[in-house]
Structures are given as structure tokens and as C-alpha cells.
Amino acid sequence: MTKETSQVIYLISLFFFFVSLFYAIFYKFQVGKAENMIGITLSQSIKVFLIISVLLPIASTLIVLFFLVFQ
Amino acid sequence: MSKNGVVLQNGMGAFLTNNEERLILVARQHWFPLAMRLAILLPGTFLTITVILLTFSYLALSYKLAVITTLVILVIAVNLFVKAVVDWYFHLYIVTTRKILEACYTPLFSHVINEVLLDQVRCTEVDIQMEGIFREVIDMGNIMITFDRPTHQEEFCLMNIRDPQKVGILLGDALDAMQHYYGMPAWYKTKGGSHKTRFAEDIFPQNMLGLRGGFV
């Protein structure tokens, strides 16, 4: 695989992780809105998974950036 | 907070419209439909990751690409997992002394609230359905409440409820009590009386015109 090909793959995956990060943040915001609307709060264990869904794209983005810089 | 599929009633004031209204039941679906979705999602994710890692090692491709592909699948799986759990958590059936409603909030995707005002309808049946051995074992079933509206009959379904017999009996008693509270229909069957039907009130002409106190 050439360097250019791998760079394209890294950029596509970066775009994907950015999109999923914005989705996760917006989803978390909407869940808070739903909590206020319905009047019940999510249990702590579900909140942990919500936080993981935000942190995972951030970690993935950093990993891809690392690969991109030090390839 | 929830206990045995029935949500504890603190913080449910958003659905009470006046001071006299009281909560009778707040329930969400049985955990089994959620478990079925997760039972497909989680092994599917691990299987896909395993296949991808084996393929990458067999074809001797870059380990960096294998890591990125695994991360992509993990991000998708975590988001699907969270969505499944949150959708289940925010799907509630709420019964108060004034109304029955189904609140189904799937954040970012849809928001559905079906509401039946009990003073506008007459409840004629509360049916409990538990079909199949597995449903009997895990104690999961549906409750169908039939309402008789002035123009047509309509069913309100509480799907995949935990302990449906207990909830159905509770609902039947509560709806019966509310029926008496909101008033009987003009003609109704007496249980032990000699007459088949009994006259309760005259609905014409004052009640139809909303002039019960007399003509203005």
C-alpha cells in the first residue's frame, strides 16, 4: 500500500470519527433534554456508556492523528 | 429509578396536569426485548472484529489499518448499544387518575406520546395476553385496554409488560374506580338487579346543550 493510499484512508477515518463525535455529543445533549421532558434521570451505568460513546471517538481521532503524523 | 420494570414514581410530575391528579402506574417494557437486541449486537461486534483481524493478519496488511477498522466498528457498536438502552429506558406507560399515556422518546430520532383522557372514554375491557412458553416463564405479556368512544372503539396496548397479570388487575380496578368517579353512562347493566338495564340520567335536552342547571 502506498503512502498516499494510507493517507487517504486515515483522512476518511478521521472524518468518520469527527462525525461520530458530534453525533455522540448531540445525542448526549438530547438525552438530557429527554430527562427533563419525561422527568426521570438515566441510571449511572447508562450514563457511563454515554460518556464512553463520547470518549471513544476522541481517543480514536488521537490515534489516527498519531498514525498520520508518524507514518 | 426503577424496580422490577415498574418505575418508581418520584420525578414523574411532568405528566400530572392538575393537583387532584394522581399517578397509578408507571411501567416500562420488560428487559427481554432489550436483551434480544443486545444479544444480536454484542456477539455480532466481536465476530466482525475477529474476522477483520484474521483477514488483516492473513493478507499481511498494515496493523495500523487493522487498528483503525477495529476502532470504527467499536464506535458504531457503542453508539448502537447506547441507543438501544436509552430507547428502552425512555419508553414508558403511564396511568394516572385522569389519563393513560404511552411516552416513547428516542432522542434525536422520534418523540411519540399517545394519550387517552379517561373522562372522554368508557373502558369496556382489560385483556391480558401471554402467548408462548417462554413468555410464561419470564412473565412477560401484553395488556389490551378497549375504550368505547362516542364514535368508535379503540384499543390501547401496553406491549411486553413485566408481570402483566398483576398490572392488568391493578389497571382494571383503577379504571373501574375512575369510571364510577367520572360518572356512569345513561344506561348500564345492573349486576344483581331484576332489570337488564337501569336508567341513570336524562341526557336530552339539557346535558346535550350543556345546560344542566336549567335554561338561561
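Values reported hereafter were calculated over all heavy atoms of this structure, with side chains retained and with hydrogens, waters and symmetry mates removed. Lettering follows sequence order; numbering is per chain, from 1.
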| task | For B:Y89 and A:S43, work out which heavy atoms get closest and say how close. | result | OH-N, 3.7 Å

| By a 4.5 Å heavy-atom criterion (distance strictly below it), what part of A:I46 contacts chain B: side chain, backbone, both, or neither? | side chain

| request: Give a yes or no on whether B:Q165 atom CD has more than 12 heavy-atom contacts from other residues, nucleotides or ligands under 6.0 Å away. | output: no

| said: Walk me through whether A:S60 and B:V75 qualify under side chain to side chain contact (heavy atoms under 4.5 Å, CB included). | reply: CA-CA 9 Å; A:S60 306; B:V75 166; 4.1 Å; yes

| B:L92 side chain near A:I40 side chain, heavy-atom distance below 4.5 Å | yes

| By side chain to side chain contact (heavy atoms under 4.5 Å, CB included) - contacts of A:F26 (at least two apart) | A:F29, A:Q30, B:L108

| said: I need the contact set between residues 43-59 of chain B and chain A: heavy-atom distance under 4.5 Å, sorted by residue number. | reply: none

| task | Report the residues that fulfil salt bridge (charged side-chain N to carboxylate O under 4.0 Å, His left out) with B:D87, sequence neighbours left out, ordered by chain and then residue number. | result | B:K83

| task | Please name the pair of heavy atoms, one in B:P107 and one in A:Y27, separated by the smallest distance, quoted to 0.1 Å. | result | O-CE1, 3.3 Å

| Roughly how far apart are A:L56 CG and B:L74 CG, rounded to 0.5 Å? | 6.0 Å

| message | Once salt bridge (charged side-chain N to carboxylate O under 4.0 Å, His left out) is applied, do any residues pair with A:K28, and if so which ones, sequence neighbours excluded? | response | none

| said: Counting C-beta onward and ignoring hydrogens, is there a side-chain heavy-atom pair between B:V86 and A:F49 closer than 4.5 Å? | reply: no

| note | Honestly, the part of A:L42 sitting under 4.5 Å from a heavy atom of chain B is both

| Is there side-chain contact between A:S20 and B:N79, with at least one heavy-atom pair below 4.5 Å? | yes

